[in-house]
Amino acid sequence: MRPVRAPSAAAPPLAAAALALAIAAGIALRLGNLRAQVLGGDEVHALLAAAERPLGAILVTYQQADHSIPLTALYRLWIDAGGTLSESVLRAPVLLAGVALLAVLPLAARRAFGAAFAARYAWLLAIAPGLVLYARIVRSYAPMVLCACLAAIAAWRWLEGGRRRAALAYAALAALATWLHL
């Protein structure tokens with residue numbers, strides 16, 4: 001995969017503004033009326049597992065009720081540190097991953113394909129229904145997508161430049177994306 005044309009070193013002001021506006025719109029879609037959304041169904045599996053099991057058991061045991069082992073372990077660490085599991089705490093890692101997607105992927109695209117392409121791509125990511133949903137529910141999908149996309153970027157950089165660091169990043173991120181899955 002090669003860039004269609006050489007990307008410019010600096011983003012034109014209009015493309016940079018479009019990129020910033022797309023990120024802001026994507027954040028607004030992910031946060032809109034989030035406090036009114038009630039946790040339920042499958043979203044509660046990680047909460048129950050974190051509340052009932054010690055960290056060691058969480059890390060090495062698959063349960064019939066599907067939950068993300070890393071997210072459940074993170075919640076358990078929070079409990080062990082004296083924190084309480086509020087809806088905000090449960091939503092934070094997922095929402096942060098969903099918002100990070102909005103910035104990280106267009107910036108990587110900008111580096112490869114130019115600012116105008118990155119701005120259009122940012123708008124597609126901002127309004128993608130699946131990505132909006134993934135960032136709004138307490139499930140591992142948004143962190144998994146983020147890790148998988150970062151793994152793909154690292155793999156591309158490894159194949160293009162042969163850098164060992166990119167290969168290691170690919171291996172670690174691909175494994176984490178797989179582990180994050182339910």
Side-chain angles (χ1 to χ4, degrees), residues 1-32 34 37 46 68-75 77-78 88-182:
M1 229 167 88
R2 298 265 185 230
V4 175
R5 61 178 185 264
S8 61
L14 187 58
L19 178 62
L21 189 58
I23 292 170
I27 291 170
L29 285 172
R30 284 149 181 80
L31 291 176
L34 192 60
Q37 187 171 316
S68 169
I69 290 174
L71 280 180
T72 305
L74 182 66
Y75 300 148
L77 287 170
W78 180 260
S88 298
V89 169
L90 292 170
R91 291 187 190 286
V94 176
L95 190 56
L96 288 173
V99 169
L101 271 167
L102 294 171
V104 171
L105 296 182
L107 292 176
R110 183 175 125 192
R111 181 176 173 180
F113 301 109
F117 177 89
R120 286 188 218 100
Y121 182 47
W123 276 105
L124 291 173
L125 292 171
I127 64 171
L131 296 179
V132 172
L133 175 68
Y134 287 173
R136 293 178 58 86
I137 60 173
V138 181
R139 300 288 277 170
S140 62
Y141 304 129
M144 182 186 61
V145 169
L146 176 63
C147 288
C149 289
L150 292 175
I153 292 167
W156 183 25
R157 289 190 178 152
W158 171 46
L159 292 172
E160 289 290 312
R163 291 184 214 106
R164 180 179 293 205
R165 191 166 142 184
L168 292 173
Y170 163 70
L173 289 163
L176 182 56
T178 304
W179 196 36
L180 276 161
H181 199 276
L182 308 172

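Everything numeric in this text was worked out from a predicted model, so none of it was measured.
When all heavy atoms are compared, the tightest approach of A15 to A119 is O-CB, 3.7 Å. In this structure, A151 and A174 approach most closely via the heavy-atom pair CB-N, 3.6 Å. Here the closest heavy-atom approach between residue M144 and residue H181 is recorded as SD-CD2, 2.9 Å. Across all non-hydrogen atoms, the minimal contact from L105 to C149 is CD2-CB, 3.5 Å. Here the closest non-hydrogen pair linking A46 and T72 is CB-OG1, 3.5 Å. The two atoms that bring P143 and P93 nearest to each other are CG-O, 4.3 Å, heavy atoms only.
Crowding of W78 atom CH2: a count of heavy atoms from other residues, nucleotides or ligands under 6.0 Å not exceeding 12.
Here the CG atom belonging to L95 is positioned 12.5 Å from the CG atom belonging to L90, to the nearest 0.5 angstrom. Atom-to-atom distance recorded for L101:CG and L150:CG is 7.5 Å, nearest 0.5 angstrom. Taking CG of L14 as the start and CG of L19 as the end, the distance is 11.5 Å to the nearest 0.5 Å. One finds the CG atom of L180 at 6.0 Å from the CG atom of L71 (value rounded to the nearest 0.5 Å).
The side-chain heavy atoms of Q37 and L34, taken from C-beta on, include a pair separated by under 4.5 Å. A 4.5 Å side-chain heavy-atom check between R30 and L131 finds at least one atom pair inside the cut-off. The shortest side-chain heavy-atom distance between Y141 and V94 does not fall under the 4.5 Å cut-off. W179 places none of its side-chain heavy atoms less than 4.5 Å from the side chain of C147. In this structure, I153 and R157 have side chains that are in contact, with non-hydrogen atoms separated by less than 4.5 Å.
Not a single donor-acceptor pair under 3.5 Å links the side chain of Y134 to the backbone N or O of G98.
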**Request:** Evaluate the criterion side chain to side chain contact (heavy atoms under 4.5 Å, CB included) for residue pair L125 and I23; output intermediate values, then yes/no.
**Result:** CA-CA 9 Å; L125 292 171; I23 292 170; over 6 Å; no
**Derivation and outcome, side chain to side chain contact (heavy atoms under 4.5 Å, CB included), residues L168 and W158** = CA-CA 9 Å; L168 292 173; W158 171 46; over 6 Å; no
